[in-house]
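Below is one structure, written out as structure tokens; comments come after it.
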Protein chains: 2
Amino acid sequence: MESRCENCIIRQFNSLRAMSKEELKHVSDSKITKTIKKGEPLFEEGDKLNGVYCVRNGISKLSKLSANGKDQIVKLATKGEVLGQRSVIAEESTNLSAIAVQDMEVCFIPKESITNTLQKNPNFTLEVLRHMAHDLKEADDVIVNISQKTVKQRIAEAFLYLKNNFGEDEDGFLALTLSREDISNVVGTATESAIRIISEFKKKGLIHTSGKKIGIKDERKLMEMVEGF
Amino acid sequence: MESRCENCIIRQFNSLRAMSKEELKHVSDSKITKTIKKGEPLFEEGDKLNGVYCVRNGISKLSKLSANGKDQIVKLATKGEVLGQRSVIAEESTNLSAIAVQDMEVCFIPKESITNTLQKNPNFTLEVLRHMAHDLKEADDVIVNISQKTVKQRIAEAFLYLKNNFGEDEDGFLALTLSREDISNVVGTATESAIRIISEFKKKGLIHTSGKKIGIKDERKLMEMVEGF
DNA sequence: GGGATTCTATGACAATTGTCAGGTTTGGGG
DNA sequence: CCCCAAACCTGACAATTGTCATAGAATCCC
């Protein structure tokens with residue numbers, strides 16, 4: 001019924017491509033395909049994960065609750081990404097929640113398949129390591145951005161990021177529609193501040209909106225704003 | 001003349017402990033011990049690293065320059081930590097600068113020793129992976145802290161962090177003395193703001209100072225402040 | 001299709017933080 | 001020991017951002 005990992009194209013984008021045929025077969029036999037509706041969690045902060053989730057479709061936000069009760073979104077994960085790896089590797093409960101911002105289709109892969117392969121296949125381990133190195137670099141960039149740029153700059157940057165990573169629909173709106181609250185949680189500000197700045201951008205002709213959908217109108221100016229003009 | 005890696009205690013604290021005897025021997029034969037004076041760089045943002053640095057002594061700040069000309073300190077690395085790993089593994093130029101905040105003694109290990117071992121010894125790769133998973137988690141925490149806490153809270157937290165990680169001297173001052181500018185670059189704020197808050201903490205009896213040295217007087221209140229009271 | 005609920009929007013205000021412009025202190029080198 | 005540069009400190013002010021209150025718009029569900 002469900003397709004086999006061996007034939008899954010998604011695999012090309014993540015570390016599973018470094019698995020051998022037999023390893024993939026084992027993964028395929030033990031995996032469980034799940035459907036997650038928008039707003040539902042894949043897992044929540046503090047959970048002990050018994051495996052990882054390979055995203056086949058849809059988008060998930062990875063967030064962490066702060067002491068003052070606000071979520072900070074640390075990353076948006078899409079097709080091809082593997083979630084929960086960090087937790088399984090470090091053998092710790094997860095430090096992030098993963099919640100679908102669009103309907104998702106994911107494959108749950110029990111951790112045994114992963115840890116076994118980690119111990120036996122250096123290529124796979126190295127591949128996972130490379131991905132994590134990349135994630136770490138991105139996290140460093142986020143730290144610098146969030147602490148050194150103004151809210152306005154960060155929101156402009158977020159829109160450009162959304163366009164570059166998730167594209168636009170046929171009407172020129174960002175394909176990934178986030179609530180204003182999610183936007184504010186990405187850039188780390190109050191929801192009202194985010195809304196205010198979105199209104200300002202709209203007045204200035206940088207973006208256009210329709211309901212909660214947002215479209216980029218003047219990419220150049222947004223880029224200049226990110227750079228600090 | 002210099003001690004051999006095989007006998008180095010430092011190794012116990014990092015991923016090198018997962019190397020085999022022969023691998024260690026190779027590392028030991030190819031390593032170069034260097035002395036770095038306070039203020040001098042180990043490497044700078046954008047450099048292509050030909051190896052990694054194993055810290056034997058002293059402390060280094062890892063920072064990234066932002067568009068507005070300010071450094072953001074992302075991590076303070078001390079005895080036992082291996083610097084430059086991320087860059088060597090991802091085969092990218094480094095995204096961070098490493099500058100000594102105290103005189104340092106480090107061992108430079110050419111990247112061949114590392115990459116060879118990564119390809120052959122899954123235990124080593126896994127060990128490196130675990131360390132990187134840990135770093136990634138810490139980076140996530142930094143993101144949440146920096147975006148959801150006030151400058152005051154972050155400075156309080158920084159002092160507690162310095163105490164817990166680097167200890168105090170015989171007079172009760174933090175063993176790691178950072179300049180006010182470095183402190184402001186750790187928490188991501190303007191130097192003047194940091195100074196002002198340090199003065200305030202002093203007036204309130206939370207800390208005491210002598211020159212640029214800072215000592216913690218009321219740890220409990222600092223902790224409460226971090227939690228948001 | 002209507003009512004409840006959630007999301008978006010805006011104003012008014014306060015608090016936080018940054019900037020500029022000075023002084024003062026400190027510490028290292030001659 | 002003294003001088004100079006760097007680091008530290010403070011005040012005044014402006015800009016940014018958060019908070020609270022309120023109202024309209026959209027959406028969901030029965």
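Convention: sequence-line order gives letters A, B, ...; per-chain numbering from 1. These numbers were taken from a predicted model, which means no experiment stands behind them.
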Quick check for you: among C:dT17, D:dG18, D:dC9, whose closest atom lies nearest to any side-chain atom of B:Thr150?
C:dT17
Does A:Lys48 pair with A:Glu92 as a salt bridge, N-O distance under 4.0 Å?
no
Separation of atom [atom1] in [X] from atom [atom2] in [N], rounded to whole Å:
X	N	atom1	atom2	result
A:Ile198	C:dC7	CD1	C1'	12 Å
B:Lys38	D:dA7	NZ	C1'	11 Å
A:Ile146	D:dT16	CD1	P	18 Å
B:Gln148	C:dT16	CD	P	16 Å
A:Phe201	C:dA9	CZ	P	14 Å
B:Lys203	D:dT10	NZ	C1'	9 Å
A:Ile197	D:dA15	CD1	P	16 Å
A:Glu200	D:dT17	CD	P	10 Å

Whether the side chain of A:Arg196 and the base of D:dT19 hold a donor-acceptor pair under 3.5 Å is what I'd like checked.
yes
Working for side-chain contact (heavy atoms from CB on, under 4.5 Å), residues B:Gln153 and B:Gln148:
CA-CA 10 Å; B:Gln153 288 175 304; B:Gln148 305 284 5; over 6 Å; no
With respect to the phosphate group of D:dT10, does any side-chain polar atom (N or O) of B:Ser199 fall under 4.0 Å of OP1 or OP2?
yes
Give a yes/no answer on whether the side chain of B:Lys212 brings an N or O atom under 4.0 Å of OP1 or OP2 in C:dT26.
no
Residue whose closest nucleotide on DNA chain D lies nearer the 5' end, A:Val151 versus A:Glu192
A:Val151
Between A:Thr189 and B:Glu181, just flag the one whose closest nucleotide in DNA chain D comes earlier from the 5' side.
B:Glu181
Using a 4.0 Å heavy-atom cut-off across all strands, classify A:Thr191 as base, sugar-phosphate, or nothing.
nothing
For A:Ser179, report the nucleic acid contact type (base, sugar-phosphate, nothing); a contact means any heavy atom under 4.0 Å.
sugar-phosphate
For B:Ile32 and B:Cys107, run side-chain contact (heavy atoms from CB on, under 4.5 Å): C-alpha distance rounded to whole Å, both residues' side-chain angles, the deciding distance at 0.1 Å, then the answer.
CA-CA 5 Å; B:Ile32 304 169; B:Cys107 290; over 6 Å; no
Taking the nucleotide of DNA chain C with the nearest heavy atom to each, does A:Ser147 or A:Ile195 sit closer to the 5' end?
A:Ile195
Report the C-alpha distance between A:Lys75 and B:Asp140 in whole Å, list the side-chain angles of each, state the deciding distance to 0.1 Å, and finish with yes or no for salt bridge (Lys or Arg N to Asp or Glu O under 4.0 Å).
CA-CA 10 Å; A:Lys75 185 176 162 74; B:Asp140 286 341; over 6 Å; no
May I ask you to decide if the ring planes of A:His208 and A:Phe173 are parallel, tilted or perpendicular, using 30° and 60° as cut-offs?
tilted
